[in-house]
Amino acid sequence: MEHEPLPPEGHAEVRVVATTPEAARRVAEVLRRCFASSEQRSYPAGSEGGTRLHLTLDTAHAAEPARSWLAASKATEHAGAHSDEV
């Protein structure tokens, strides 16, 4: 299985899947309040409907509240993919 290329250093690729475009946009709006980001791109989520939204976050330029959360958080050794992720 091929993997997507990694984003540049200091960036994170985010995928939001929601039943409605409005729900996906609300999640993206909250993320953009915490991080600088690229323009969001949206796509149909599948044959049953829904929306898949993609955006790139600049984690090197975090705004509050993300800045304080990132400073207080630590990476865990056992963090891994969810059971439905590759």
Side-chain angles (χ1 to χ4, degrees):
M1 174 175 275
E2 286 189 37
H3 296 279
E4 290 186 38
L6 292 174
E9 181 73 29
H11 290 75
E13 292 289 328
V14 177
R15 308 289 190 256
V16 178
V17 179
T19 304
T20 66
E22 182 57 32
R25 280 192 293 269
R26 287 191 308 236
V27 171
E29 181 180 327
V30 170
L31 291 170
R32 284 193 301 268
R33 288 182 185 176
C34 296
F35 299 98
S37 70
S38 67
E39 187 65 31
Q40 65 192 33
R41 297 143 342 254
S42 61
Y43 309 91
S47 59
E48 60 277 347
T51 297
R52 186 176 66 233
L53 187 141
H54 297 185
L55 66 154
T56 303
L57 300 178
D58 181 350
T59 61
H61 296 95
E64 292 297 337
R67 183 177 295 138
S68 59
W69 176 83
L70 288 169
S73 68
K74 296 180 182 176
T76 61
E77 273 184 45
H78 303 293
H82 290 247
S83 61
D84 64 341
E85 297 176 328
V86 177

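Because only heavy atoms are used, hydrogens play no part in the values below, and waters and symmetry mates are left out as well, while side chains stay in. Along the sequence shown, the residues carry numbers beginning at 1.
- Atom-to-atom distance recorded for Q40:CD and H54:NE2 is 11.5 Å, nearest 0.5 angstrom.
- Applying the ring pair (Phe, Tyr, Trp, His ring centres under 6.0 Å) test to H61 and every residue at least two apart in sequence or in another chain returns nothing.
- A distance of 8.0 Å separates CG of L55 from CD of E13, quoted to the nearest 0.5 Å.
- Applying the side chain to side chain contact (heavy atoms under 4.5 Å, CB included) rule to T51 yields the partners P21, A24, S42; only residues at least two apart in sequence or on another chain are considered.
- Residues passing the side chain to side chain contact (heavy atoms under 4.5 Å, CB included) test with E9: none are found, sequence neighbours excluded.
- Side chain of S37 to main chain of T56: no donor-acceptor pair is present (N/O by atom type, distance under 3.5 Å, no hydrogens or angles).
- Considering CZ of R15 and CZ of R41, their distance stands at 6.5 Å, rounded to 0.5 Å.
- Note that the CG atom of L57 and the OG atom of S38 stand 7.5 Å from one another [nearest 0.5 Å].
- In this structure, R25 does not pair ionically with E29, as no charged nitrogen and carboxylate oxygen lie closer than 4.0 Å.
- The minimum heavy-atom distance between A18 and A23, with the atom names listed, is CB-CB, 3.9 Å.
- For the atom pair L6 CG and H11 NE2, the distance stands at 13.5 Å (nearest 0.5 Å).
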